[in-house]
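Per chain, numbering begins at 1; letters A, B, ... match sequence-line order.
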There are 2 protein chains.
Amino acid sequence: MPAKPKHRDRIVRTAARLFRRDGYAATGTNEIVAASGAPKGSLYHYFPRGKAEIAEAAVSYAGGLVSATLTELAAKHAHPADIVRAYGALLAGWLAKSGFRDGCPITTTLLELAPSERGVTKAGKAAFGTWVDVFTASLRAAGARKASAERLARTAIAAFEGAMILARVEQGPGPIEDVATEIARLFELSTQPQMSLI
Amino acid sequence: MPAKPKHRDRIVRTAARLFRRDGYAATGTNEIVAASGAPKGSLYHYFPRGKAEIAEAAVSYAGGLVSATLTELAAKHAHPADIVRAYGALLAGWLAKSGFRDGCPITTTLLELAPSERGVTKAGKAAFGTWVDVFTASLRAAGARKASAERLARTAIAAFEGAMILARVEQGPGPIEDVATEIARLFELSTQPQMSLI
DNA sequence: ATAATTATATAGACTGGTCTATATAAATCA
DNA sequence: TGATTTATATAGACCAGTCTATATAATTAT
């Protein structure tokens with residue numbers, strides 16, 4: 001037995017991956033155990049509240065990954081429109097790599113469990129919140145008006161969420177590319193001094 | 001025995017409702033039978049390919065409802081920005097009425113089944129396609145450039161899809177309102193003669 | 001026109017399997 | 001030694017789909 005737990009993280013990461021592909025209800029605990037190499041007993045030891053608790057941890061974990069990615073992009077790009085374009089390119093690449101079988105790592109789970117599972121709902125809200133914050137900060141720094149920065153940021157996150165769904169259904173990157181183009185344009189228009197007055 | 005079938009439509013409508021709330025995998029055939037009042041035998045009589053075939057029918061049905069709604073809005077409003085605002089208000093109202101427990105009637109099912117279930121995927125693609133067509137036509141009529149009309153339309157559908165997810169997680173209409181505001185603005189800017197040249 | 005046959009829709013019990021979670025004991029670690 | 005982690009058989013609920021049977025309308029044959 002290891003000095004430090006080695007299975008908990010694996011359970012979470014594996015669950016996030018499996019939930020992303022087929023959703024929460026279609027992914028059984030035995031499948032998570034088999035795919036992660038974790039013992040069945042450990043699963044309920046670490047997550048005594050059961051499967052929903054695993055979902056909560058998976059949403060937090062996956063949401064944090066996206067947040068880190070967005071933060072990294074924000075550090076590289078001064079303008080929010082450039083972040084949008086870069087993020088769009090990343091998303092298109094990820095989905096293409098999965099053969100357009102994956103989507104946003106937290107969406108399917110949230111659609112199945114929110115708002116009835118409180119913990120999962122809260123984890124999802126926090127995840128989306130941090131993503132919106134990254135864009136809001138960048139938009140503010142680029143000159144967007146305070147009243148519209150958060151609205152714009154939320155629109156961008158929502159648009160990318162929807163674009164990933166469309167991309168999966170259409171089995172191609174088109175929707176993500178379209179959203180990236182139009183949201184980047186909207187951001188540019190919203191951060192120009194004269195347009196900001198509209 | 002009735003000369004004419006009475007259960008098939010009920011099965012489809014009920015399935016669409018139940019899938020929308022908790023998703024496909026978490027909704028059992030027995031639950032659909034109980035909620036629709038249809039006999040179990042009838043369920044497999046009408047859908048010999050099984051549960052996925054029901055999902056396919058449910059997606060087609062629900063997608064058609066949204067399509068009819070959008071077409072109605074397009075007939076009432078000349079400008080696409082007004083359609084966006086009206087649709088946003090409708091969505092916010094529907095979700096509020098469900099206590100923010102519902103979302104888009106086809107999204108959860110699609111996220112669980114696309115692209116592995118071909119029929120469902122195809123039905124979803126068709127549904128999204130008709131929704132995009134409504135906005136594209138309106139944008140074109142309002143003066144948007146051909147090259148961007150479909151891109152804008154797709155962005156709008158994607159943004160509303162994402163907004164419904166955020167609204168459900170946040171338990172409030174904020175994201176839908178934000179998206180409606182910003183996409184309407186984007187549409188206005190994209191249908192003005194001088195802005196269309198950007 | 002009548003009887004026989006076919007087709008359709010309904011009804012619900014049943015099947016073999018999977019699900020989540022628990023209990024309890026054993027193994028390992030510090 | 002006590003705390004932590006693992007192992008695994010089992011319980012009870014639920015799963016999607018199958019099966020047998022019936023009622024009745026429509027079709028076909030005589």
Side-chain angles (χ1 to χ4, degrees), chain A residues 1-59 108-109 112-114 116-120, chain B residues 1-59 108-110 112-114 116-120 123:
Chain A
M1 292 302 125
K4 93 179 211 182
K6 69 178 180 186
H7 290 295
R8 192 187 188 284
D9 282 355
R10 273 210 209 137
I11 288 169
V12 174
R13 273 187 272 121
T14 300
R17 175 164 63 81
L18 296 176
F19 292 160
R20 176 183 195 168
R21 179 63 55 91
D22 295 323
Y24 171 86
T27 302
T29 51
N30 286 336
E31 195 182 346
I32 296 169
V33 161
S36 65
K40 188 72 180 282
S42 291
L43 188 139
Y44 287 98
H45 171 77
Y46 291 124
F47 303 97
R49 284 191 286 116
K51 194 179 174 184
E53 191 179 353
I54 299 173
E56 187 181 326
V59 167
T108 310
T109 305
E112 291 176 81
L113 300 178
S116 51
E117 288 292 341
R118 297 274 181 75
V120 179
Chain B
M1 294 299 119
K4 87 183 225 187
K6 68 180 184 187
H7 289 293
R8 193 187 188 281
D9 281 356
R10 273 207 208 138
I11 289 168
V12 174
R13 273 187 273 120
T14 300
R17 174 165 61 82
L18 297 176
F19 292 160
R20 176 185 196 167
R21 178 65 54 90
D22 293 326
Y24 172 86
T27 302
T29 50
N30 286 336
E31 195 181 346
I32 295 169
V33 162
S36 64
K40 191 73 177 281
S42 291
L43 187 140
Y44 287 95
H45 171 78
Y46 290 122
F47 304 98
R49 284 192 286 116
K51 195 178 173 187
E53 192 179 351
I54 299 172
E56 187 180 324
V59 166
T108 310
T109 306
L110 288 170
E112 291 177 80
L113 300 177
S116 51
E117 288 293 338
R118 297 273 182 75
V120 179

Q: His7(B) NE2 to dT8(C) P: how many Å, rounded?
A: 18 Å
Q: Nearest whole angstrom, please: distance from the C1' of dT22(C) to the CZ of Phe47(A).
A: 18 Å
Q: Applying the side chain to side chain contact (heavy atoms under 4.5 Å, CB included) criterion to Ser36(B), which one of Arg13(B), Glu31(B), Arg10(B) satisfies it?
A: Arg10(B)
Q: Would you call Thr29(B) and Tyr44(B) a side-chain contact if the rule is heavy atoms closer than 4.5 Å?
A: yes
Q: Is the distance from OP1 or OP2 of dT4(D) to the nearest side-chain N or O of His45(A) less than 4.0 Å?
A: no
Q: According to a strict under-4.0 Å criterion, is Tyr46(B) in side-chain N/O contact with OP1 or OP2 of dT8(C)?
A: no
Q: Between Ala55(A) and Thr109(A), what is the shortest heavy-atom contact and its length?
A: CB-CG2, 4.0 Å
Q: Starting at CG of Leu43(A) and ending at P of dT22(C), how long is that distance when rounded to a whole Å?
A: 11 Å
Q: If I take atom CZ in residue Arg8(B) and atom P in nucleotide dA11(C), what distance separates them, rounded to the nearest angstrom?
A: 17 Å
Q: May I ask you to test the Arg21(A)-Thr108(A) pair for a side-chain heavy-atom distance under 4.5 Å?
A: no
Q: Closest approach of Tyr46(B) and Ile11(B), non-hydrogen atoms and distance?
A: CD1-CD1, 4.4 Å
Q: Within this structure, what is the CD1-to-P distance between Ile32(A) and dC19(C), rounded to whole angstrom?
A: 11 Å
Q: Minimum heavy-atom separation for Ala35(B) and Arg17(B), please, with both atom names.
A: CB-NH2, 4.3 Å
Q: Between protein and nucleic acid, restricted to nucleotides 15-18 of chain D and to nitrogen or oxygen atoms under 3.5 Å apart, what atom pairs and distances do you find?
A:
from, atom 1, to, atom 2, distance (Å)
dA16(D), OP1, Lys51(B), NZ, 2.5
dA16(D), OP2, Thr29(B), N, 2.7
dA16(D), OP2, Thr29(B), OG1, 3.0
dG17(D), OP2, Tyr44(B), OH, 3.4
dG17(D), OP2, Lys51(B), N, 2.9
dG17(D), N7, Lys40(B), NZ, 3.3
dG17(D), O6, Lys40(B), NZ, 2.7

